[in-house]
2 protein chains.
Amino acid sequence: MNYQNLLSSINVTFETLNKSEKKVASAILADPEAATGSSIANLAKKAGVSEPSVNRFCKRFGTAGFPDFKLKLAQCLVSGVKFVNSNVQLNDNVSKYTPKIFDNAIHDLVAIKNQIDLSLVEKVVDQLLSARRIFFFGLGTSGAVARDAENKFFRFDLPVSFHVDVLTMRMLSAAAKPGDLFFMISHTGRTKAIIDAADDAQANGARVVGLTTPGSMLAKKSNFALEVSVSENTEEYMAMTSRIVHLVILDVLATGFILRKGPDFLNHMEKINRSLKPTRYKNN
Amino acid sequence: MNYQNLLSSINVTFETLNKSEKKVASAILADPEAATGSSIANLAKKAGVSEPSVNRFCKRFGTAGFPDFKLKLAQCLVSGVKFVNSNVQLNDNVSKYTPKIFDNAIHDLVAIKNQIDLSLVEKVVDQLLSARRIFFFGLGTSGAVARDAENKFFRFDLPVSFHVDVLTMRMLSAAAKPGDLFFMISHTGRTKAIIDAADDAQANGARVVGLTTPGSMLAKKSNFALEVSVSENTEEYMAMTSRIVHLVILDVLATGFILRKGPDFLNHMEKINRSLKPTRYKNN
DNA sequence: ATACTTTATGTAATTTTATTACAGAATTAC
DNA sequence: GTAATTCTGTAATAAAATTACATAAAGTAT
């Protein structure tokens with residue numbers, strides 16, 4: 001139980017709590033901001049329970065005690081998830097839905113930042129460094145992510161391409177060779193074309209990195225699965241925060257790549273940046 | 001002095017602090033996370049000062065006392081601004097650069113969330129709703145953003161396209177008509193092809209929305225300028241957080257669009273979502 | 001239904017933590 | 001060099017949180 005979702009946790013587990021814990025939960029949910037500022041005695045009084053009950057409540061939610069609980073509660077308030085339901089409602093106006101959309105993105109970034117497996121990141125960077133060729137595959141929303149990835153990695157002086165065409169994907173994965181790296185991006189991790197390509201590529205000795213939901217089919221089929229769990233209700237409207245997190249993870253990988261290449265590599269990067277100058281008007 | 005910048009405040013005012021306050025500041029800056037978890041006695045010991053000195057330090061920074069200080073410090077850590085300089089350093093390892101990249105994105109999202117002009121958002125949604133056609137233009141990194149935007153807006157049952165080809169951009173803007181909406185995405189706001197297209201489109205009576213840096217050439221030339229100021233050192237390496245913020249803003253606009261269309265429109269969205277089913281393997 | 005077990009909750013003591021009041025030291029101004 | 005001011009620590013006090021324990025409530029088995 002991590003502190004990102006402390007408030008959500010309280011809400012979700014509410015029914016499983018016992019009488020006095022429910023009182024405490026209600027008091028906190030009624031005004032979380034206030035709770036972060038009050039003493040245990042105060043909150044106990046407000047909830048109508050004893051101080052140890054509040055303390056026990058805090059420990060039940062995986063915190064060291066009341067002060068620690070307040071701290072984590074305060075943090076979870078900043079990251080935006082004020083209430084369990086920060087989903088957009090049909091009758092929201094601009095001042096309601098705008099912060100909600102931002103909050104969702106912020107919340108998921110904070111969550112993933114704390115969950116991400118650093119040693120896995122390192123391993124994927126290794127793979128990127130040692131790959132003979134890199135292919136980014138994605139469809140739909142993830143197609144835009146794949147394109148963005150290519151836009152980043154082509155600067156790194158190695159053969160990179162992105163593909164959004166399922167026929168091309170089939171052909172490339174059929175022709176995969178050891179040393180090739182197939183970087184598959186799929187939020188659902190169930191997109192047939194992507195899974196099939198992952199199978200083929202791997203059968204031909206290439207390595208597969210999957211950027212996807214935890215435990216998805218793609219995650220299972222990948223040599224390296226970057227598993228990203230976002231809070232969005234995937235099916236409704238359209239995916240939003242998953243691709244944001246995916247992009248940031250690609251930034252992390254790109255950064256890791258550059259740093260491992262060392263300072264000399266920056267000259268190369270600089271050369272590429274300089275090339276853009278003539279495409280821009282000068283400042284005012 | 002607000003809590004978003006507590007750490008920055010400490011850093012900025014460091015030189016104006018007196019001897020023992022400096023010691024406390026150093027101890028906190030050395031490991032802010034740790035500071036949020038320790039007692040006043042602990043921190044005092046670590047800083048080599050007395051407990052009241054720590055307490056006075058806290059009050060000097062506008063907090064009620066040590067516990068309140070810890071709370072605000074913890075909050076400011078979440079929102080990402082760990083250090084004044086949370087830029088990646090050449091000798092950073094994976095556990096250093098990974099959170100930094102995330103923090104930068106989070107920090108900028110929080111900042112823009114609080115700065116964004118809601119009435120402007122509403123106006124742009126109006127434009128999207130009344131447009132006869134919508135074109136998303138972007139190059140390089142913003143090309144990926146434009147692609148993502150198209151991927152979202154094509155669901156809305158109106159003629160939308162994205163373009164990353166400067167010749168096509170010229171032709172389309174030359175052929176622009178009243179009722180057309182040109183949505184220009186450019187972080188620098190100085191990309192010639194984009195500026196020229198904005199000029200042409202506007203000359204032909206089309207409306208131009210610019211998603212760009214405050215005060216940029218594109219901002220000035222747009223009918224509606226969504227101005228986004230991000231903290232990244234644009235020129236180094238490659239743009240990262242600007243495109244993240246741009247994507248979230250497009251999510252906001254798309255959401256605004258859907259909500260204005262009303263509940264019936266959800267059936268249309270649902271139809272589109274359903275169409276994807278056959279492209280996916282079923283869950284396990 | 002009653003006795004037994006388990007779980008839940010509060011009281012009171014203890015411990016930890018933070019704050020205040022004050023005094024002595026250091027610094028500055030004259 | 002003395003007085004005023006500012007800084008900083010010690011020790012006392014106050015506040016807050018936690019623990020240990022006892023009682024009460026709920027659940028279970030006979």
Side-chain angles (χ1 to χ4, degrees), chain A residues 1 3 6 9-10 12-76, chain B residues 1 3 6 9-10 13-77:
Chain A
M1 199 171 307
Y3 65 81
L6 196 46
S9 299
I10 295 173
V12 169
T13 57
F14 188 87
E15 282 310 320
T16 74
L17 300 174
N18 50 39
K19 224 186 295 176
S20 63
E21 285 173 334
K22 270 189 185 140
K23 288 184 195 165
V24 177
S26 302
I28 292 169
L29 291 171
D31 191 352
E33 306 266 2
T36 64
S38 73
S39 69
I40 194 167
N42 229 282
L43 185 61
K45 194 178 160 200
K46 190 182 163 198
V49 300
S50 69
E51 300 181 23
S53 287
V54 175
N55 194 268
R56 280 188 286 261
F57 176 89
C58 297
K59 288 185 174 163
R60 190 188 227 279
F61 282 92
T63 64
F66 186 68
D68 188 41
F69 178 88
K70 279 195 291 190
L71 208 81
K72 305 218 162 131
L73 182 63
Q75 291 186 311
C76 116
Chain B
M1 201 169 307
Y3 66 82
L6 193 48
S9 300
I10 296 173
T13 57
F14 188 87
E15 283 310 319
T16 74
L17 301 174
N18 51 39
K19 222 187 296 176
S20 64
E21 285 173 335
K22 271 187 185 143
K23 287 185 197 167
V24 177
S26 302
I28 291 168
L29 290 172
D31 191 352
E33 305 266 3
T36 63
S38 73
S39 68
I40 194 167
N42 229 282
L43 185 61
K45 195 179 159 200
K46 190 182 164 196
V49 300
S50 68
E51 300 181 22
S53 287
V54 175
N55 194 270
R56 280 187 286 260
F57 177 90
C58 297
K59 288 184 173 163
R60 189 188 229 279
F61 282 92
T63 64
F66 186 68
D68 187 41
F69 178 88
K70 281 195 290 191
L71 208 80
K72 306 225 162 124
L73 182 62
Q75 290 186 310
C76 116
L77 290 177

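Below, chain A is the first sequence line, B the second, and so on; all start at residue 1. Note that the structure is a prediction, hence the values are computed from the model and not measured.
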- Message: If you apply the rule side-chain contact (heavy atoms from CB on, under 4.5 Å), what do you find for Arg60(B) with Leu17(B), and how did you get there?
- Response: CA-CA 10 Å; Arg60(B) 189 188 229 279; Leu17(B) 301 174; 3.7 Å; yes

- Less than 4.0 Å between a side-chain N and a carboxylate O, is that true for Lys22(B) and Glu15(B)? yes

- Is a side-chain donor or acceptor of Glu51(A) paired with a backbone partner of Ile40(A) at a separation under 3.5 angstrom? no

- Message: In terms of relative ring orientation, are Phe61(A) and Phe57(A) parallel, tilted or perpendicular, with 30° and 60° separating the classes?
- Response: tilted

Pairs: protein N or O with nucleotides 12-14 of chain D N or O, under 3.5 Å:
none

- Is there a donor-acceptor pair closer than 3.5 Å between any side-chain N or O of Ser39(B) and the backbone N or O of Asn42(B)? yes

- Message: Output one letter per nucleotide in nucleotides 8-20 of chain C: B when a protein non-hydrogen atom lies under 4.0 Å from the base, S when only the sugar-phosphate is that close, - when neither is.
- Response: SBBB-----SSSB

- Message: Nearest 0.5 angstrom please: Lys23(A) NZ to Ile28(A) CD1, how far?
- Response: 14.5 Å

- Task: Mind checking side chain to side chain contact (heavy atoms under 4.5 Å, CB included) for Lys19(A) and listing every partner two or more places apart, or none if nothing turns up?
- Result: none

